[in-house]
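Computed from heavy atoms alone, side chains included, the values below leave out hydrogens, waters and symmetry copies.
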Amino acid sequence: MAPHPLRNQEAPSITLPNQDGQETTIKPGSTGTPVVIFFFPASGSYGCTKEACGFRDAVKEVEVFKRSNVAVFGISGDAVAKQKSFVDQHGLPYPVLSDVKGEARKAYQIKKGLLGLSEGRVTFVIDSKGVVRDVLSSVLNFNEHVSFVRKALEAIEEAEKKGQEPTPQDETPSQPAAA
């Protein structure tokens, strides 16, 4: 599968309401820290809950997440009230944004997954300069996203120590996407 078109490009800035209804702007590169944006199909579904809780635990427990001070954002097409319930029920420490109109999905060029039967599950790792360094698209392998981010953050950290640009991970097979 071809690399995502945003890989090694400047990440788009987006503004969406968070779980409290407050407009939240993600402007990668503006804070000097890495950003992770994970798009998921639906708040409260089994796979999405596992993925979101995996990021919750990683932010609190995984050293490279803590060291890098990465900003994590979850985004789905669910309404603000559903995002609020989801965040509260699972104690998510990061913003979960509501993309009801699909504006962020469009900006990040996310296609449907599972032959068009599901919204895509796509995770973007953006470096401290605002450049998309790696992308994972996998609707079914929801547990892989946190591990993918950990490896990408480690690669960014290592490259920065050497004064180099990070190299994206090998392509992970993703689910077929509808055109």
task: Grab the two heavy atoms, one from I110 and one from G120, that are nearest each other, plus how far apart they are.
output: CG2-CA, 4.3 Å

- request: Measure across A11 and Y108 and return the closest heavy-atom pair with its distance rounded to 0.1 Å.
  value: CB-OH, 3.6 Å

message: Run the side-chain hydrogen bond (donor to acceptor under 3.5 Å, both in side chains) test against N143 and tell me which residues pass, sequence neighbours left out.
response: none

- request: Applying ring-ring contact (aromatic ring centres under 6.0 Å, His included), name anything that partners F73, two or more places apart in sequence or on another chain.
  value: none

message: If the condition is side-chain hydrogen bond (donor to acceptor under 3.5 Å, both in side chains), which residues does S76 pass it with, not counting sequence neighbours?
response: D78, Q83

message: Main chain of T24, side chain of N18: is a donor-acceptor contact present, judged purely on distance under 3.5 Å?
response: no

Qualifying residues under side-chain hydrogen bond (donor to acceptor under 3.5 Å, both in side chains), relative to K66, sequence neighbours excluded: E63

- line: For K60 and P93, the nearest pair of non-hydrogen atoms, with its separation, is CE-CG, 4.3 Å

task: Measure the CD-CG distance between E160 and D127 for me, rounded to the nearest 0.5 Å.
output: 6.5 Å

Can you give each donor-acceptor pair under 3.5 Å made by side-chain atoms of residues 48-55, sequence neighbours left out, with the distance rounded to 0.1 Å?
unit_1	atom_1	unit_2	atom_2	d
T49	OG1	S45	O	2.8
E51	OE1	R121	NH1	2.6

Heavy-atom pair with the smallest gap, counting every atom of H145 and S138: NE2-O, 3.0 Å

task: Could you pull out all residues at least two apart from S13 that satisfy side chain to side chain contact (heavy atoms under 4.5 Å, CB included)?
output: K27, P28

- line: residues 100-109 vs salt bridge (charged side-chain N to carboxylate O under 4.0 Å, His left out), sequence neighbours excluded, gives R105-E119

field: Where A104 and L16 come nearest, the two heavy atoms and their spacing
entry: CB-CD1, 3.7 Å

message: Can you tell me how far apart OG (S147) and CG (L136) are? Round to the nearest 0.5 Å.
response: 9.5 Å

task: Taking side chain to side chain contact (heavy atoms under 4.5 Å, CB included) as the test, write out the residues that go with A107, two or more places apart.
output: P12, I14

- prompt: Going through the checks in order, is the side-chain contact (heavy atoms from CB on, under 4.5 Å) test met by V96 and F40?
  reply: CA-CA 10 Å; V96 176; F40 59 97; 3.9 Å; yes

message: Among residues at least two apart in sequence or on other chains, which ones pass side chain to side chain contact (heavy atoms under 4.5 Å, CB included) with V64?
response: V62, R67, R150, L153, E154, E157

message: Quick check: closest heavy atoms across F38 and T123, and the distance to 0.1 Å?
response: CB-OG1, 3.4 Å

- prompt: From R133 CZ over to I126 CD1, what is the distance, rounded to the nearest 0.5 angstrom?
  reply: 11.0 Å

- prompt: Short question: side chain of H90, backbone of G44 - any donor-acceptor pair under 3.5 Å?
  reply: no

message: Using the rule given for side-chain contact (heavy atoms from CB on, under 4.5 Å), can you reason through I26 versus L97, listing the C-alpha separation, both sets of side-chain angles and the distance that settles it, and then say yes or no?
response: CA-CA 10 Å; I26 303 173; L97 309 183; 3.6 Å; yes

query: CD of Q19 to NZ of K82: how many Å apart, nearest 0.5 Å?
result: 15.0 Å

- request: Flag yes if Y94 and V80 sit in one hydrophobic cluster, no otherwise; membership is Ile, Leu, Val, Met, Phe, Trp, Tyr, and two members link when side-chain heavy atoms are under 4.5 Å apart.
  value: no

- prompt: salt bridge (charged side-chain N to carboxylate O under 4.0 Å, His left out): which pairs involve residues 9-26, sequence neighbours left out?
  reply: D20-K84

- request: Could you pull out all residues at least two apart from Q9 that satisfy side-chain hydrogen bond (donor to acceptor under 3.5 Å, both in side chains)?
  value: none

query: So, the side chain of H4 versus the backbone of L6: is there a donor-acceptor pair under 3.5 Å, distance only?
result: yes

